[in-house]
Amino acid sequence: MLTSLSLPLPDDYAALEPYISGEIMELHHSKHHQTYVSGLNAALESIAEAESRGDFPRAASVAPLLNFHGGGHRNHSLFWENLAPASASGGGEPSGSLAAAIERNFGSAGTLRTQINAALAGIQGSGWAWLVKDKESGTLGIVTRANQDIVTGTAVPLLGIDAWEHAYYPQYQNRKAEYFDAIWNVVNWKTVAARFEKS
Ligand code: MN3
């Protein structure tokens, strides 16, 4: 049972400034992500309780909550690891075999950024854009997911960008394209490369 969160970033919520404000990071992690964890715990408890009574229709009815909160927890856990202060591992360009794969699949890292930003801009409502690697073909691609739906199947998520309003609104308001541009300054390519190598 999940009861607490860990954040693999410095405890300093302001570490990603000026690109992502400390106010956003604190709200996003300590309130929004916590809500998904709490919701996931509640859903798991409801399912266990219903199953213990043999009430399987009730257990099944909780599935959408499990999907939403479980997805929210998973997506944010991956997202935090994708970020690092610009003064540390954030920003710059991918290197090594990841860089070669990006060039092969997209032409350049710049083109990849442009294509992910276009995918993010095309999301209607809340959702995510992901750089993924297909486990079978090794091909890289860009996918979007609505709400907190997760990447599944043979696609392995390497880099996720949160396009929910809570990820940018206090700082960027309606200028979400500025957030999509700015976040590249704090993308931790080392994490992306590690996931690429492992997949
Ligand atoms: Mn979020």
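Just so you know, ligand 1 is whichever comes first in the structure, and atom 1 is the first atom listed for that ligand. Numbering of residues begins at 1 and proceeds along the displayed sequence.
A donor-acceptor contact closer than 3.5 angstrom links the side chains of Tyr13 and His29. No hydrogens or angles considered: nothing links the side chains of Asn75 and Trp130 as a donor-acceptor pair under 3.5 Å. Side-chain contact of Gln34 with Ser38: a donor-acceptor pair under 3.5 Å is present, judged by distance alone.
The closest approach of Asp162 to the Mn ion (ligand 1), by N/O/S atoms, is made by OD2.
Under 2.8 Å from the Mn ion (ligand 1) lies an N/O/S atom of His166, whether from backbone or side chain. The Mn ion (ligand 1) has no N, O or S atom of His33 inside 2.8 Å of it.
A ring-centre distance under 6.0 Å is found for Trp80 and His28.
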